[in-house]
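The structure appears below as structure tokens.
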Amino acid sequence: MSKLQPVRGTRDLLPDDSRRHRLVVETARAVAECYGYGEIETPIFEFTEVFKRTLGDTSDIVTKEMYTFSDRSGEQITLRPENTAGVARAFISGGLGQRLPLKFFYAGPMFRYERPQKGRLRQFHQVGVELLGVAEPLGDIEVIVLGAHVLEKLGVLERTTLELNTLGDRESREAYRAKLVRYLTARQSELSDESLARLERNPMRILDSKNERDRAVVAEAPSIPESLNEASARFFQEVCDGLDRLGVRYSLNPHLVRGLDYYCHAAFEFTTEALGAQGAVLAGGRYDGLIETMGGPPTAGVGWAAGIERLSMLRDQTPPAPRPIALVPIGEAGEAKALELAHKLRHAGYAIELGYRGNLSKRLKQANKLGAAAAILLGDDELAQGSATLRDLDSGAQESVPLDALADRLARYR
RNA sequence: GCGGGCGUAGCUCAGUCGGUUAGAGCACCAGAUUGUGGAUCUGGGGGUCGGGGGUUCAAUUCCCCUCGCUCGCCCCA
């Protein structure tokens, strides 16, 4: 690496990219607020333990994807690979259990040491929501509907499919898991090497393997829905009914799973064909066991996270840059006056571009490139009458405006 | 972490079956136009041909390594 380049899997967000990102974040935040979710910002790094405990020692994220280091006092620190653990930690350390239910929205960078690909970076960004303290199906419904609402506002809902499944409660889940392991063990000679490894540490994940051989085995495997106990089946039915009533379309996918142990009941994923291998755009589920696992009081939780880069890629237009007003001095006197005038107009809330250098022709040319909506010409002629020439750069129309009336006259360019 | 494809100007890409000063379009800068932008014309700047090593009289071109991008696996947002 001789040329100075960004670290693999990281990107600079130039203003155009930044606006695309911001639109995603602002849209999600605004929708979340309609449901009463307030923004939470947890630190970008936590003690490594926080993620080890929540994600489980066997997950890929923990075993090979974390950015972990020891700081100067020897603490083991990890750059957050996801935000749910941080929120749960904040819940516990802040003693927030008194005020349930709690509804949080978050946005920010996450870090995973993965092989970069389209829609997969080492520093990437997510928005997400967490609903704590609601054990009812209404919680699952609200969170899924909120996700669909965000996608709809972004204009990408019709480019995604909502895949839905349930893992059942703990009892159903454990029973199913045991049944599945028994079945797969009996047919392990037919499984891929990867799935063989998963059979040990994370058997449920074999259900969503892309490998053809695995799929053949999985097709005949016992399915989750038929292994649910009565309470779990009823719970899931209520979630489905709620979505039906609100017209949220979904397709049941009994092979959709979450790898982590604390997940239960609803598991869902909005996926798209448009992004190649990285099809999941917004995904989540219920994690009633999580906070307890971390040493907090038993607390229900449901939530999702969405990839900002992926959402941004699904949208095709870039939000336009704001159009400034160019202030164009002509001659020395104009130059001196322009500095003050720019100051005044900016304080009045206008985006003013001072051209810094060049003659009139140059500066207009530059104003044009910046997409300026109008230009204020300030030369000896204008100064003599205490006015400025206001030129509309779209129509070319010009008018003389007294300097003290300028701020008002510019209102239509705001 | 594994496998495939690709790295030539800021961008999109030609080109070299190994051979003198590596090209185009767009973008950029300047001039035509010292109080009027977008168009046009003229001129100009810009490349360690991703980096390192090897083969050769000679490498941007062939070989190896490496870095990066990309597609798939894996993982997931």
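Letters go in sequence order (proteins before strands), and every chain restarts at 1.
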Open item on the list: OP1 or OP2 of B:C76 versus the side-chain N and O atoms of A:Arg120: is any pair under 4.0 Å?
Closed with: no
TODO: Tell which nucleotide pairs with B:U20, taking only Watson-Crick or G-U wobble pairs whose two distances are both under 3.5 angstrom.
DONE: none
Task: Complementary nucleotide for B:U48 - Watson-Crick or wobble, under 3.5 Å - done: none
TODO: Look through every strand shown and name the nucleotide pairing with B:C41 as Watson-Crick or G-U wobble, where both distances are under 3.5 Å.
DONE: B:G31
Open item on the list: Mind checking if A:Arg363 touches a base, just sugar-phosphate, or nothing, with heavy atoms under 4.0 Å?
Closed with: nothing
- [ ] Scan A:Gly128 against the nucleic acid and name what it touches under 4.0 Å (heavy atoms): base, sugar-phosphate only, or nothing.
- [x] nothing
Task: Side chain of A:Asn368 (C-beta onward), nearest among B:G37, B:C67, B:C69 - done: B:G37
- [ ] Answer with yes or no whether the side chains of A:Thr272 and A:Thr160 bring together a donor and an acceptor at under 3.5 Å.
- [x] no
TODO: Could you tell me whether A:Lys103 atom NZ has more than 12 heavy atoms of other residues or ligands within 6.0 Å of it?
DONE: yes
Open item on the list: Can you tell me if A:Gln117 touches the phosphate of B:G72, counting only side-chain N or O atoms and a distance under 4.0 Å to OP1 or OP2?
Closed with: yes
Open item on the list: I'd like to know if A:Arg409 pairs up with A:Glu399 as an ion pair, taking the criterion as any Lys NZ or Arg NE/NH1/NH2 lying under 4.0 Å from an Asp or Glu carboxylate oxygen.
Closed with: yes
TODO: Using a 4.0 Å heavy-atom cut-off across all strands, classify A:Leu378 as base, sugar-phosphate, or nothing.
DONE: nothing
TODO: Would you mind telling me which residue lines up with the more 5' stretch of RNA chain B, A:Tyr113 or A:Gly284, judged by nearest nucleotide?
DONE: A:Tyr113
Task: Interatomic distance where CD belongs to A:Glu65 and P belongs to B:C73 [whole Å] - done: 15 Å
Task: Gap in Å between the two C1' atoms, one belonging to B:G50 and one to B:G7, rounded - done: 6 Å
Open item on the list: Does A:Gly358 reach a base, just sugar-phosphate, or nothing at all? Heavy atoms under 4.0 Å.
Closed with: nothing
Open item on the list: Output the rounded distance in Å from CD (A:Glu114) to C1' (B:C73).
Closed with: 13 Å
Open item on the list: Taking only the C1' atom of each, what is the distance from B:C13 to B:U20 in whole angstrom?
Closed with: 25 Å
Task: Neighbour count above 12 (heavy atom, 6.0 Å) for A:Ile44 CD1 - done: yes
TODO: Could you give the distance separating B:A14 and B:C49 at their C1' atoms, to the nearest angstrom?
DONE: 13 Å
Task: Spacing of the C1' atoms in B:G10 and B:G47 (rounded, Å) - done: 12 Å
- [ ] Identify, between A:Gly379 and A:Arg11, the residue whose nearest nucleotide on RNA chain B lies closer to the 5' end.
- [x] A:Gly379
Open item on the list: Give me the distance, rounded to whole Å, that separates B:C71 from B:U8 when you measure between the C1' atoms they each carry.
Closed with: 23 Å
TODO: Select base, sugar-phosphate, or nothing to describe what A:Gly396 touches, counting heavy atoms under 4.0 Å on all strands.
DONE: base
Task: Base of B:G37 paired with side chain of A:Arg391 (donor-acceptor, under 3.5 Å) - done: yes
Task: Rounded interatomic separation in angstrom, taking NZ from A:Lys369 and C1' from B:G38 - done: 11 Å
Open item on the list: How many whole angstroms separate atom NZ of A:Lys365 from atom C1' of B:U33?
Closed with: 9 Å
Open item on the list: Return the pairing partner of B:U56 with a 3.5 Å limit on both distances, Watson-Crick or G-U wobble; otherwise return none.
Closed with: none
Task: Interatomic distance where CD belongs to A:Gln398 and C1' belongs to B:G37 [whole Å] - done: 11 Å
- [ ] Pick the P atom in B:C26 and in B:G19, then give their distance to the nearest Å.
- [x] 29 Å
Task: A:Arg80 CZ to B:C76 P, straight-line distance once rounded to whole Å - done: 19 Å
- [ ] With heavy atoms under 4.0 Å as the rule, sort A:Leu311 into base, sugar-phosphate or nothing.
- [x] nothing
Open item on the list: When you measure only distances, ignoring hydrogens and angles, does the side chain of A:Arg115 come within 3.5 Å of the base of B:G3 through a donor and an acceptor?
Closed with: yes
Task: Rounded interatomic separation in angstrom, taking CG from A:Asn359 and P from B:G31 - done: 8 Å
Task: A:Arg11/A:Glu309 ion pair, N-O < 4.0 Å - done: no
Task: Donor on one side chain, acceptor on other, A:Gln398 and A:Thr389, under 3.5 Å - done: no
Open item on the list: Strictly by Watson-Crick or wobble contacts shorter than 3.5 Å, is anything paired with B:C73, and which nucleotide is it?
Closed with: B:G1
TODO: Would you classify A:Leu282 as touching base, sugar-phosphate or nothing, given that sugar-phosphate means primed atoms plus P, OP1 and OP2, and contacts are heavy atoms under 4.0 Å?
DONE: sugar-phosphate
Open item on the list: In this structure, how many angstroms lie between the P atom of B:C6 and the NZ atom of A:Lys118, rounded?
Closed with: 19 Å
Task: Paired nucleotide for B:A9 [Watson-Crick or G-U wobble; both distances under 3.5 Å] - done: none
Task: Lys/Arg N to Asp/Glu carboxylate O, A:Glu130 vs A:Arg89, below 4.0 Å - done: no
Task: Side-chain donor/acceptor of A:Arg8 to backbone N/O of A:Arg122, under 3.5 Å - done: no
Task: Inter-nucleotide C1' distance (B:G53, B:G46), Å rounded - done: 29 Å
TODO: May I ask you to verify if any side-chain N or O of A:Arg205 is less than 4.0 angstrom from the OP1 or OP2 atom of B:C76?
DONE: yes
Open item on the list: Give me the distance, rounded to whole Å, that separates B:A59 from B:G18 when you measure between the C1' atoms they each carry.
Closed with: 6 Å
Task: Among B:G31, B:G68, B:G37, the nucleotide that comes nearest once only the side chain of A:Lys362 is considered - done: B:G31
Open item on the list: What's A:Ala367 touching, base or sugar-phosphate or nothing? Going by heavy atoms closer than 4.0 Å.
Closed with: nothing
TODO: Go through B:C69, B:G35, B:C76 for me and flag the one nearest to the A:Asp381 side chain.
DONE: B:G35
Task: Donor/acceptor link under 3.5 angstrom from A:Glu382 side chain onto base of B:G35 - done: yes
- [ ] Output all residues satisfying salt bridge (charged side-chain N to carboxylate O under 4.0 Å, His left out) with A:Glu33, sequence neighbours left out; order by chain, then residue number.
- [x] none
